[in-house]
Every structure is written in structure tokens, then in C-alpha cells.
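Below: one structure, written as C-alpha cells.
Just the heavy atoms: all of them, side chains too, but no hydrogens, waters or symmetry mates, feed the values below. Keep in mind that what you see is a predicted model, and the values were worked out from it rather than measured. A, B, ... follow the sequence lines: proteins, then strands. Residue 1 opens every chain.
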Amino acid sequence: MTVQQNINPTLATKSEVVMSARHVAKHYGPIKALKGVNFDIHRGQVTTLFGENGAGKSTLMKILSGIIAPTSGEILLDGEPVHFHGANHALAHGVSIIHQELALAPNLNVRDNIFMGREIRTARGIDFAEEERVTRALMKELEEDLDPLTPVEELRLGQQQIVEIARALQAKSRILIMDEPTSALSASEVEVLFKVINDLTAKGVSIVYISHHLEEALEITDHAVVLRDGEMTAWAPRAEIDLEWIVRNMVGENFDLGSPPDSKMGNPALSIENLCVPDTSGHGLVVNHLNLSVRAGEVVCIYGLMGAGRTEMMECAAGRVAAQSGAIKLHGQDISHLSIAQRINAGLVLVPEDRQRDGLVQTMTVGQNLSLASIAAFTRGLFTSRKDERRVIDDSIREVTVKTDGGGAMIGSLSGGNQQKVVIGKMLATRPDVILLDEPSRGIDIGAKAEVFKLLAKTAETRGLAVVYSTSEVSECLSIAHRIIVMNRGRIAAEFDHTVTKEQIMAASGEAVHH
Amino acid sequence: MADITNSKPAAGGMDLNIGKILLEGRAFFALVAIIIVFSFMSPVYFSVNNFLIMSSHVAIFGLLAVGMLVVILNGGIDLSVGSTLGLSGVVAGFLMQGVELPSAGVILYPPVWAVVVLTILLGAFVGAINGVLIAFFRVPAFVATLGMLYVARGVALLMTNGLTYNNLGGVEALGNTGFDWLGFNRIAGVPIGVIVLALVALAVGLVLVRTAFGRWLYASGGNERAAELSGVPTRGVKISVYVLSGVCAAIAGLVLSSQLTSAGPTAGTTYELTAIAAVVIGGAALTGGRGNVRGTMLGAFVIGFLSDGLVIIGVSAYWQTVFTGAVIVLAVLLNSLQYGRAGR
């Protein structure tokens, strides 16, 4: 048994510790994902794990929720060591996890999802009436007016998350682990979620929270634990910390997302005129008579909440979705009727928001992903030229500084930040005039973020590239952008130059400032 | 760049490397093992002549499998190839018997090369219907090609009224002899069917590895959305793969009816399953994006040499079915082992 030692005094606060990790380490072969982590979860409080990608947060979560077993160290539950044999065993001890990708069956209704795998069984089959009664009680408790018989696929993402939480509550969970629960929620849904979290903690449920949205997480947390490279670098109660403290401990050094490049502004490269894009129902508009002009060499940031129409505007400009009306002009030429491939040839490219789903081909190597959009550049007659492809790949790797050994490795072996650089490098290899990037910093760590922004700024300055990127983090607006455009409900709500303050941007976006 | 299957650097020592080599070359080692085992069990198995005979059996499945590989790389499936093979044979037979034009009152006897071209065009047409249904009308590939399986077989039965066209030899006076050349003749001792397979396999292999189309195919099979956003004409690729598969099936139909010098409407029944099995044994992933011609060829030879070997040593046909099934399941098991590891 491991001897408990060197426990930091700040861990021993007055509130009761329900679960703790002692010297927990996890090795995958030679790779040390976790190198001995200690921390406590307090009853009725929120503990947030901060850390870059690959810092070990997910590994730690999986160990706490019984999905994987630690290589060494132990987990104490109410002071007693426990060894979980799988997630169900952890659940039986009151520990449940809500994954980033929700684990619901969309074709089943709310009631059946809540009781999935734990149906109330009687001699005559499932007791649906009792299940429905319990579901209604849970929904009342969570103050979410959902009919237990509604299919989950008809619910908004935020409501689906409530169903997941209800499922955990039904299992009498005392400890709820939430992995990036707000990444796909709108601001109002985040507020609902935070209210639910507050209610839960008031009832004595302990929450372990992971988020890339640092500002958001700070609003709700009671304790912060920071991981870096598999080690815990800092821990402190909320009262003693601020944003800067977290970032400093996450990164280990000062970071800078850059400043607007000193580029020579040219003629308008991209002009969007009176663009309207219908929403999925076909009744409303997600992009509503939008006008935007971007000059060569200019960097424009589009800030907006989920559902503001940023993604749709970009996908429409790139040719992924059809516009209802309006024009998209590249160097004054209307390109609205062109296909995606033709727009790429014309010089307009899109780096999509979801790089796993829309950006990368997982079955191909780093090099093949990098060269995918510019195959024509190394095709000689009928056949591709290996030598020329090699050059395209090597140039790209150098330009976007991907950490890889020549591009022969599978794309999945790269870290998130390097994968993102590959997606950007793939589009830059087509020598575009305009690059649209939808949330280029999503899911990559702060060091990689800074590198991506520096790369974009440099390309805008040296190549005269027009850069348009969207973000939902205010701090990223105030980096390399010459101009910041705030979108709200499909329209441009405000336009600022780079001297604007965070508060002005947030006010213009219609974002309710939490408390 | 050529090998799309998997190229992760090995993390361990010598033992792991041997395991890795065995895993990645499994179809090859399986083929070697089959040849060794049957050579010990039967004196006639290990001879050049037997290998050539077995190879000409493999040629039919091999041609179908090459077409199927292209479809599977795209993440689709083509269940209609067996029926397309049958229909192609019947149409070739029909053309060889002479086409009567009632209005002109003449019977046309197209020369053999025209029969071959028309039959291949028919295969392309059948594939194009599949492709358009799948790419433009978003019918699931499984359903569209299942429908085509029935329709093509039905048309073949209608055309012949359920009978078989015998005597495809042609008549010298009509200038349409030579149809049996494909099935019977040999060049330097190698049956023409095997040479056709080799040429088709080489051509498709080259297309996959060295052309833009090949890269588009691997990309759209691996992630269609990402490929589309990178400017890959994914719909065109999708239609092309089914056309290619239809063409391969038509060529296989020609070779088979030439080997038999007869064309029956039920020829090629369930061959689509054998073709899928060959592709899977060759290491391709049914989810698309992974696989190559070399593997598929090995897969086709594993199946062909195994079933012929069982016939030669006198094992009952029922047992052959059991063995083939076991080999397929084992192959898929190993596939998931390989790709499961690559996923980490």
C-alpha cells in the first residue's frame, strides 16, 4: 500500500473529501500519460481539471470513472481504497461520467434513455409507468420541462445533456464527471447547465469538470487542479486563483497569441453581398442579408456564439451549402455558381470547424492528407509524380511546422494541434488568395493555438493572403485580427478595429454576462 | 506512399516485428501454407499445369474482386456483380447467335471484337445505374446493388427464357469465330483468362497508386466529407467505381462464357460473395479507404487454391463451404486486429 505523504496543505479544506487520487499513474508502454497525480474531490463542490491537450485530463477521468485501471497508485472513496472493474462497477459506487460525445440512443425516448441498461423489470416485462413517473420527477428536479416520451433526437443538444445528467442522477450518482460539457452549447444553454450544476452541488453531489473554456470554468468551479505533461502542476481553491494563474500553470511560460501583422492591404479579395442562407428547417435564415468585404493581406476575426451563423456563412462561401440569395465574389468575380473544387482553384479555401469529421482522412498518412487538395499540382499527364508530391509535402511541413517525420506516419499519430496544422497546410498548399478558418483553435492547446495564429499572420503579411477566422473565445479576437466582426443571429451586430476591449465585443454579441 | 494499409513504426523488439510481419502479410503466408499443405496431401497439386488450371478458375473471381475492391475502397459494396456477370455472358451469347432486324429483314452477326466491346459497355451501363442511384439519389449502396442483383438476373432469364446459349463458337462463313479464344487459348502456356486478370489488376493497381483518381478514391473512402471540402469530386468518383466494377464483371462474364463456350442465365450466382471475401481476406476494410490490389489478388488466390485443393484431395463440397467460411471470418478477425492497433 502506498504511503500517503507530501499532501499539500491546501487540499485539506474544511469540506469533506469524498474521493481522492493518490499517486495515480498510467503508462501506455513507454509513454507516461500520468506520472503520479494527487487530488481530492470535495462533497458538494465543483473541482475543475485544467490542462492542455495531452496533459492527461482524459486519462485521469477514465481512471476515476473506472473505464481504465491505473498502472500504479490508488483511488480512495470515502477514505477507503477502491478498485473499479469497469465503468458499471464505478457507477454502482456512485461515480458516473458524462462524455463529451453524449452516449444516448437518439432513436429512443427520454425515459428509455434514462433507464437504458437499468430498466425496472417486473414479471410482466418492463414497468414503463414507474419509469415514466421517475423520469417526470427527475425532470422536475432539473427544472427541464421535457416529456419522457419525446425521442432524444428531437431535443436540442443542451436538453440532451440534461437527459445524460438525469441518467446519472437516476443511478444515484454522488460524483459526476463532466468532460467538456459546454463545448457544443449555446450561451443560454450553458446558463441552464450551470444552474443545474449549482442545484446538484447544493444537494451534495460532487462535480468534476473539464473544459477548454477557461473563463467559463472559472465561473463555476470551487477548486482548480492544473495538469501539465501528466503531472499536477498546481492546485488551489477558487478564491486564490485567476485566469492568468491557470494559463501560467498550464503552459508553464508566458504566451502570446500575436498581434495584427504589418501587411500591405490590397484590393478587396472576398466580397460577400446580401448573403442569405436558409436554416435546416427551411423556414428561417441562419445568415441574414450579410455583407462582408475582406482585403488582400487583411486578417478578419468573426466572433459570435454557437448558432450566430458563422459556420453557415463560411460553408456557404466555400460552396458546401447553397445560398438562398446574395453573391459571393472573389476579386470582383461572382463565384456563387462554382463547385467546391472550382472555388479552391479560384483561390478560396475553407478550413472546417470539425477537423476529425471534415478535415482529415484518418486512413491516410500525414503526407497524403497534406497533398490532398493540390493533387493537380503534382500530376504529370496521367500519373502523379512522386518527386513533385514529395516537394509539395516537404514544403507544407516546413511552412506550417508540423512535428512529423517526413509525413509517412498515419495522421492519427499526431497531436490535435499538429493535426490542425495539417488541415491548414493542406489548404495553404493550394496557394489560395482567401482562407476561411472556422474555429481554428478548437480543441487544440494554447501553445499550438499561438503557433497557428502566428502562421496565419505571417502568411497574410508575406503572401498577401486574406484571412477570415471565427472564434468563440474573446481572447482570440484580440490577437492577429485587424478587424473584429461580431455576428449575432445571422447578422453583423458590430464591427471593431483591434483596439476594442473584450467587454465591448461580448456586449455586442448579445452574450449574457453570467452573474 | 504506395501502401495505404498501415505503416506505423513498430514500438517493440524482434518478437513484435515478426508478429507484425505475419499479421500484415497474412494473405501471402496463408497462400504459402495452403500450397505447402496440399502439396503434401496430393502429388498432383504441386505442378505447373495444376497451378495454371487453378489460376484460370481464380481469374473469374479475381476479376470480380478487383472491381469489388475499388467499390469497397470507396466505402460502398456491389452485390450485383454476380448477376452482371451472368447478364454479360447471356448478352454476349445473344449477340453471337446473330441479331435479327425484322424491319430490314436481315440478321446481323457482329464480329467478336464488337461483341466484346458491346458487352463491356453493358457492364459499364449497369454500373452507371448503380452509381447514379447511390451518388445522386442517395440510395444505400447495399440496397441499390441488391436491387440490381435481382433485376440483372431477371433480365438474363427473360432474354433466354431460362435456357442456355450453347455453341458460341461462331461460324467461319459469318466471320464471327474466335469467341472461345478468351477461355481456351494460351500465350506461352498461360491461359488468356489469367493474362486478362493480370492486365486488369496491373492497370487498376496503377490507377490506385499513381493517379489523381486513385488518391481521390482513397480519400473519399476514408472520409468523404473531408475529401469533398478538399475539392475531390466525390460524386464522380462514386459513379466511376461502380462503372469500373460493372466493367470488371462484364469482362469476367466474357471469360467465363468463353471458357464454357456457353452462356447460361444463372452463371455467376453468389459470386459477389466470393469477390467480397477475396477483398476482405486481402486486408481491405469494409468501411473504406484501406486496401490494395496486391492484397485482393492474394485473397482471390487463397480462396481459389483452397477450394480447388479440397476438391483435389477429395474433401466433400460441404466441407469446402465450411472451410471457406472459416477463412473469411478469420481474415476479418485479423483485419480488426490490425486496424484496431493502428487506431491508437
Side-chain angles (χ1 to χ4, degrees), chain A residues 28-31 315 318-320 339-346 348-352 354-365 367-386 389-390 393 405 407-413 423 426-427 429-430 438, chain B residues 1-13 16 72-75 203 205-237 283-292 335 338-344:
Chain A
Y28 292 103
I31 301 160
E315 291 198 336
R320 177 72 167 286
S339 69
I340 296 176
Q342 287 168 322
R343 292 182 203 209
I344 292 173
N345 285 338
L348 175 76
V349 298
L350 168 69
V351 174
D354 187 332
R355 69 173 166 271
Q356 301 299 340
R357 198 186 58 185
D358 300 328
L360 298 169
V361 182
Q362 295 291 352
T363 51
M364 293 169 84
T365 63
Q368 286 164 337
N369 270 288
L370 273 171
S371 66
L372 181 59
S374 38
I375 296 175
F378 55 88
T379 302
R380 303 281 169 264
L382 210 53
F383 296 114
T384 54
S385 153
R386 279 168 205 233
E389 176 175 17
R390 181 80 262 157
I393 293 171
D405 188 15
M410 294 307 284
I411 188 72
S413 66
V423 182
K426 170 178 75 177
M427 294 335 288
T430 67
D438 197 3
Chain B
M1 296 282 98
D3 199 355
I4 307 274
T5 46
N6 183 19
S7 51
K8 272 196 89 172
L16 205 132
I72 284 177
L73 280 178
N74 192 240
L206 205 59
V207 165
L208 290 185
V209 176
R210 291 300 303 277
T211 65
F213 177 79
R215 197 60 69 78
W216 291 345
L217 176 52
Y218 278 110
S220 53
N223 185 348
E224 191 166 358
R225 296 171 66 110
E228 193 188 0
L229 276 179
S230 302
V232 173
T234 47
R235 281 182 175 180
V237 170
L286 284 175
T287 44
R290 295 182 211 263
N292 53 43
N335 280 1
Q338 182 182 1
Y339 298 138
R341 228 171 40 169
R344 298 248 168 88

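The CZ atom of B:Arg210 lies 10.0 Å from the OG1 atom of A:Thr379; values are rounded to the nearest 0.5 Å. Remark: A:Asn369 CG to B:Ser230 OG distance equals 8.0 Å, nearest 0.5 Å. Atom CG of B:Asn223 sits about 8.0 Å away from atom OG1 of A:Thr363, to the nearest 0.5 Å.
Nearest heavy atoms, B:Leu229 versus A:Ile340: O-CG2, 4.0 Å. Contact record, B:Ala226 with A:Gly359: CB-C, 3.6 Å, taken as the closest heavy-atom pair.
Inter-residue side-chain proximity for A:Arg386 and B:Val209 is flagged as met; some heavy-atom pair is nearer than 4.5 Å.
Interface remark: A:Arg320 contributes side-chain atoms only to the contact with chain B (heavy atom separation under 4.5 Å). With a 4.5 angstrom heavy-atom cutoff, A:Ser374 does not touch chain B via any of its atoms. Contact of A:Glu315 with chain B is not made at all, since no heavy-atom distance falls under 4.5 Å.
Residues forming a side chain to side chain donor-acceptor pair (under 3.5 Å) with B:Thr234 (at least two apart in sequence, or on another chain): none. Under the rule for a side chain to side chain donor-acceptor pair (under 3.5 Å), B:Glu228 has no partner lying at least two apart in sequence or in another chain.
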Practice task
Report the C-alpha separation of A:Leu372 and B:Val232 in whole Å, then their side-chain angles, then the decisive distance to 0.1 Å, and conclude whether the side-chain contact (heavy atoms from CB on, under 4.5 Å) test is met.
Solution key: CA-CA 8 Å; A:Leu372 181 59; B:Val232 173; 4.2 Å; yes

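The most heavy-atom pairs under 4.5 Å with chain B, out of A:Val351, A:Val361, A:Ile344, come from A:Val361. Counting heavy-atom pairs closer than 4.5 Å to chain B, the top-ranked of the candidates A:Val423, A:Asp358, A:Ile375 is A:Asp358.
Under 4.0 Å is where a charged nitrogen must lie from a carboxylate oxygen, and between A:Glu389 and B:Arg215 at least one such pair does.
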